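To keep things clear, I will list the structure first and then write my remarks on it.
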Amino acid sequence: MVLSNDKVKFFLSSYESEAVRFAVDDMCKDITNVTGATTEYNKNFNIFVGNLDSQETRDFLDNIGLHYNDVLSVEEGHKIAVSFEKCFILGNGELGTVYAVYEFCASTLGVKPFMFWTDGVYEEKKDVSVVEYTSTPFSFKYRCFAINDEDKLVALSPNGEKRYCSNDQFSTIPSASLMINACKLVLRLKYNLFVPMTMLNILNPREEDVVKCVTSRGLYITQNFYEPLGVSYNTWNYYWASRNKEQLKASYTDNPQCFETIWEEYVRKWSAYKNVVYQLGMLKNQYSSEIFNDLRRFDKPDDVAKTVAKVVNLQIQIVTKIVGKDARFMLYKEKNLSIALKK
């Protein structure tokens, strides 16, 4: 099948998710930039985009005799097939469908994932032939992309909005357009888990917009390893200072109830969004990975580990109570946690 250089008609059903629609919008832009063709939504389509979670989509494909079981058998599986001189872009679930769309952009249109970040240009083509493709299973369920650190994005956002932060390196929120392009990169590379910012404070509406951006694109989101349940040392100071407790020590040993209070509030805020993977562990210094104000209280590693195990169990209880039994968790491997897991 060869794409028209005049007009390309695409179809996706009304029930497709926001994430799939974002990806299709990007595909249409790529088609126009590569082939010069305009695109339009039309039931008399050249390109069909479908999430195989939908019974309606499966019934339609069954009726025309297009096989798709090879996609359903693979988590986040996806394929591009040509039948009856039409292109079918299919995915297993939301992310599988998004990956299928971006695979079309890469394999058929030749659009490189890093093009925006390398100041690349579209290679204009005529008579673009659709490249068929079927994915193979991913080696890892979660494939994490972390910006380390987003000062690189801050440098590209000199007029970005300021936020409360004791470190100038993280004092500016990356612009919305840069964050959107970061999400596109993650998806074009077929990662599914994103750490978009360091010390992200979801109680700040502008920083919450970053969470909305990431999750609306279908990605899983998690916090950095020293920000358990979304609470960094920076967030701790800001939270309690705003409640007239500027000198409240960030020590679980001294202030366990205060930790429980702040963790519950942040989890409730994060729980409004799908695809959150909750980071577990003790509050740490982002520069040394050292447990703040608690590590030196204990003479033996086993004693530290018991405290870490207690905290992790409490965090799991908090998240499960608010989010439910299907909550997802992440543990950063470090020596005290390794010992704690044996307790």
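The structure presented is a predicted model; accordingly, all values stated were derived computationally and were not measured. Here, residue 1 is the first one in the sequence, and each next residue gets the next number. Reckoned from all heavy atoms, side chains included, excluding hydrogens, waters and symmetry mates.
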(request) Would you mind reporting whether Tyr15 and Glu56 have side-chain heavy atoms less than 4.5 Å apart? (result) yes
(request) Give a yes or no on whether the backbone of Cys105 and the side-chain of Thr108 come within a donor-acceptor separation of less than 3.5 Å. (result) no
(request) Would you please test Tyr273 and Glu208 for side-chain hydrogen bond (donor to acceptor under 3.5 Å, both in side chains) and show each step? (result) CA-CA 10 Å; Tyr273 298 94; Glu208 184 181 5; 2.4 Å; yes
(request) Answer whether the closest heavy-atom distance between the side chains of Leu66 and Leu90 falls below 4.5 Å. (result) yes
(request) Taking Tyr122 for its side chain and Ile31 for its backbone only, find out whether a donor-acceptor pair lies under 3.5 Å. (result) no
(message) For Cys213 versus Ile180, what's the shortest heavy-atom pair and its separation?
(response) SG-CG1, 3.8 Å
(message) Would you say Tyr102 ends up clustered with Val74 if hydrophobic residues are merged whenever their side chains have heavy atoms under 4.5 Å apart, either directly or through other cluster members?
(response) no
(request) Give me the ring orientation class for Tyr278 and Phe329: parallel if the planes are under 30° apart, tilted from 30 to 60°, perpendicular past 60°. (result) tilted
(request) Would you kindly confirm whether Met330 and Val186 end up in one hydrophobic cluster when ILVMFWY residues are joined by side chain heavy atoms under 4.5 Å apart? (result) yes
(message) Under a 4.0 Å threshold between the charged nitrogen and the carboxylate oxygen, would Arg217 count as salt-bridged to Glu94?
(response) no
(request) Would you indicate whether the side-chain heavy atoms of Trp236 and Phe259 approach each other to under 4.5 Å? (result) yes
(request) Taking the side chain as every heavy atom from C-beta outward, state whether Ile80 and Cys87 have any atom pair closer than 4.5 Å. (result) yes
(message) Please give me the minimum heavy-atom distance between Ser135 and Gly77, naming the atom from each residue.
(response) OG-CA, 3.4 Å
(message) I'd like to know whether His78 forms a side-chain hydrogen bond (donor to acceptor under 3.5 Å, both in side chains) with Lys190, so could you lay out the CA-CA distance, the side-chain angles of the two residues, the decisive distance to 0.1 Å, and finally the verdict.
(response) CA-CA 11 Å; His78 46 286; Lys190 300 183 184 178; 3.0 Å; yes
(message) Applying a strict under-4.5 Å side-chain criterion to I, L, V, M, F, W and Y, I'd like to know whether Leu109 and Phe22 cluster together.
(response) no
(message) So that I can tick it off, tell me whether Arg143 and Glu75 are bridged by a salt bridge, with the cut-off set at under 4.0 angstrom between side-chain N and carboxylate O.
(response) no
(message) If we ignore hydrogens and angles and just use 3.5 Å, is the side chain of Asn192 paired with the main-chain N or O of Lys141 as donor and acceptor?
(response) yes
(request) Look at the rings of Phe194 and Phe145 and say which category their plane angle falls in: under 30° parallel, 30 to 60° tilted, over 60° perpendicular. (result) perpendicular
(message) Working to the nearest 0.5 angstrom, can you tell me the gap between Leu3 CG and Asp127 CG?
(response) 10.0 Å
(message) I need the minimum non-hydrogen distance between Glu227 and Thr198, along with the two atoms involved.
(response) OE2-C, 3.6 Å
(message) With a 4.0 Å cut-off on N to O distance, would you call Glu264 and Lys321 a salt bridge?
(response) yes
(request) Could you tell me which non-hydrogen atom of Arg328 sits nearest to which non-hydrogen atom of Asn275, and how far apart they are? (result) NH1-CA, 4.4 Å
(request) Assess the pair Phe11 and Tyr41: is the distance between their ring centroids shorter than 6.0 Å? (result) yes
(request) For Glu207 and Asn201, indicate whether the former's side chain and the latter's backbone hold a donor-acceptor pair under 3.5 Å. (result) yes
(request) State yes or no: do Met197 and Leu187 share one hydrophobic cluster built from I, L, V, M, F, W and Y residues joined by side-chain heavy-atom distances below 4.5 Å, directly or via other members? (result) yes
(request) For Arg58 and Leu52, indicate whether the former's side chain and the latter's backbone hold a donor-acceptor pair under 3.5 Å. (result) yes
(message) Less than 4.5 Å apart, side chain to side chain, heavy atoms only: is that true for Ser83 and Ile64?
(response) no
(message) Taking Asn51's backbone N and O only, do any of them form a donor-acceptor pair with Glu16's side chain (distance below 3.5 Å, no angle check)?
(response) yes
(message) Before you tell me yes or no, could you show the steps for Phe48 and Phe60 under ring pair (Phe, Tyr, Trp, His ring centres under 6.0 Å), namely the whole-Å CA-CA distance, both residues' side-chain angles and the distance that decides it to 0.1 Å?
(response) CA-CA 11 Å; Phe48 176 91; Phe60 170 69; 5.2 Å; yes
(request) Mark yes or no for whether Thr32, through its side chain, and Cys28, through its backbone, hold a donor-acceptor pair below 3.5 Å. (result) yes
(message) Less than 4.5 Å apart, side chain to side chain, heavy atoms only: is that true for Val8 and Phe45?
(response) no
(message) Measuring only between side-chain heavy atoms, which start at C-beta, is Thr222 closer than 4.5 Å to Leu193?
(response) yes
(message) For Ala37 versus Lys7, what's the shortest heavy-atom pair and its separation?
(response) CB-N, 4.0 Å
(message) Do the side chains of Glu132 and Lys79 get close enough for a salt bridge, i.e. N-O under 4.0 angstrom?
(response) no
(request) Evaluate the side-chain hydrogen bond (donor to acceptor under 3.5 Å, both in side chains) criterion for residues Gln55 and Asp59: first the C-alpha distance (whole Å), next the side-chain angles of each, then the deciding distance (0.1 Å), finally the verdict. (result) CA-CA 6 Å; Gln55 184 64 53; Asp59 288 344; 2.8 Å; yes
(message) Measuring only between side-chain heavy atoms, which start at C-beta, is Tyr252 closer than 4.5 Å to Lys310?
(response) yes
